[in-house]
Amino acid sequence: DAKTTQPPSMDCAEGRAANLPCNHSTISGNEYVYWYRQIHSQGPQYIIHGLKNNETNEMASLIITEDRKSSTLILPHATLRDTAVYYCIVSDTGTASKLTFGTGTRLQVTL
Amino acid sequence: ETGVTQSPTHLIKTRGQQVTLRCSSQSGHNTVSWYQQALGQGPQFIFQYYREEENGRGNFPPRFSGLQFPNYSSELNVNALELDDSALYLCASSLVFGQYNYGYTFGSGTRLTVV
């Protein structure tokens with residue numbers, strides 16, 4: 001599985017957009033970019049995933065560069081409840097696919 | 001639809017003992033994976049079960065074993081517990097149909113403390 005690189009921590013003011021970057025320069029053609037988040041003492045929660053096109057759902061937007069070597073997760077209006085560790089993962093969607101977590105980005109949303 | 005449920009939520013065991021952790025998959029899911037998360041680290045893949053057989057394994061010794069039952073629930077067994085086995089153990093279920101995995105839903109985990 002391809003390795004990802006994320007900043008260890010970021011701060012964001014409540015109500016502002018949170019932009020979380022991720023580098024995945026060794027991603028292969030059949031691997032998707034997934035984002036999960038983990039709020040303290042809970043299991044990881046799926047946010048969004050994409051292959052090469054930008055994606056948007058009710059939680060967030062995912063922007064993937066044209067060369068697919070990096071991506072950005074955007075939380076358009078961060079709230080205090082978005083404080084969590086955010087993991088960027090690349091994985092295929094085969095039957096034996098697994099999620100390889102790094103240490104993620106700890107996002108702190110403040111008043 | 002119900003999510004992934006794990007039991008127990010917390011557990012304390014003595015070094016050398018054996019432990020069994022349980023997981024009920026989300027309704028409609030047929031694959032289950034187990035992860036170990038040490039304090040301050042990201043979850044690490046232990047193994048995955050599909051059609052009641054192990055379908056991939058991470059870098060964990062054989063004393064970590066599992067089962068998947070016909071109703072897609074699962075158990076994680078750890079023998080000869082070591083202090084370093086203290087961690088949050090996460091179960092994740094997914095639907096695999098054809099050759100496509102539709103993505104994972106995680107439970108809240110079992111916090112295991114080995115003393």
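Small disclaimer: the values here were computed from a predicted structure and weren't measured. In the text below, chain A, chain B and the rest are named by the order of the sequence lines, each starting its count at 1.
- Closest heavy-atom contact between B:Y100 and A:H49: OH-NE2, 4.2 Å.
- Dense packing is recorded around CG of A:L80, with more than 12 heavy atoms of other residues, nucleotides or ligands lying under 6.0 Å away.
- The number of heavy atoms from other shown groups lying within 6.0 Å of CZ (B:R57) is above 12.
- A:I74 and A:I48 fall into different hydrophobic clusters, where Ile, Leu, Val, Met, Phe, Trp and Tyr are joined by side-chain heavy atoms under 4.5 Å apart, directly or via other members.
- A pairwise comparison of heavy atoms in A:G43 and B:L90 identifies CA-CD2, 3.8 Å as the closest pair.
- Only the side chain of A:Q38 comes within less than 4.5 Å of a heavy atom of chain B; its backbone N, CA, C and O stay farther away.
- Within the 3.5 Å criterion, the main-chain N or O of B:P43 finds no donor-acceptor partner in the side chain of A:Y87.
- Around the OH atom of B:Y72, the shell of radius 6.0 Å holds no more than 12 heavy atoms that belong to other residues, nucleotides or ligands.
- For B:Q44, the part lying near chain A is the side chain, with the backbone staying farther off; criterion is any non-hydrogen pair under 4.5 Å.
- Atom CZ of B:R63 has more than 12 heavy atoms from other residues, nucleotides or ligands within 6.0 Å.
- Under a hydrophobic clustering in which Ile, Leu, Val, Met, Phe, Trp and Tyr are joined whenever their side-chain heavy atoms come within less than 4.5 Å, directly or via other members, B:I46 and B:V32 fall into the same cluster.
- For the atom pair OG (A:S91) and OH (B:Y104), the distance works out to 6.5 Å, reported to the nearest 0.5 Å.
- Heavy atoms of B:Y102 lying under 4.5 Å from chain A are absent altogether.
- Aromatic pair B:F106/A:Y36: centroids less than 6.0 angstrom apart.
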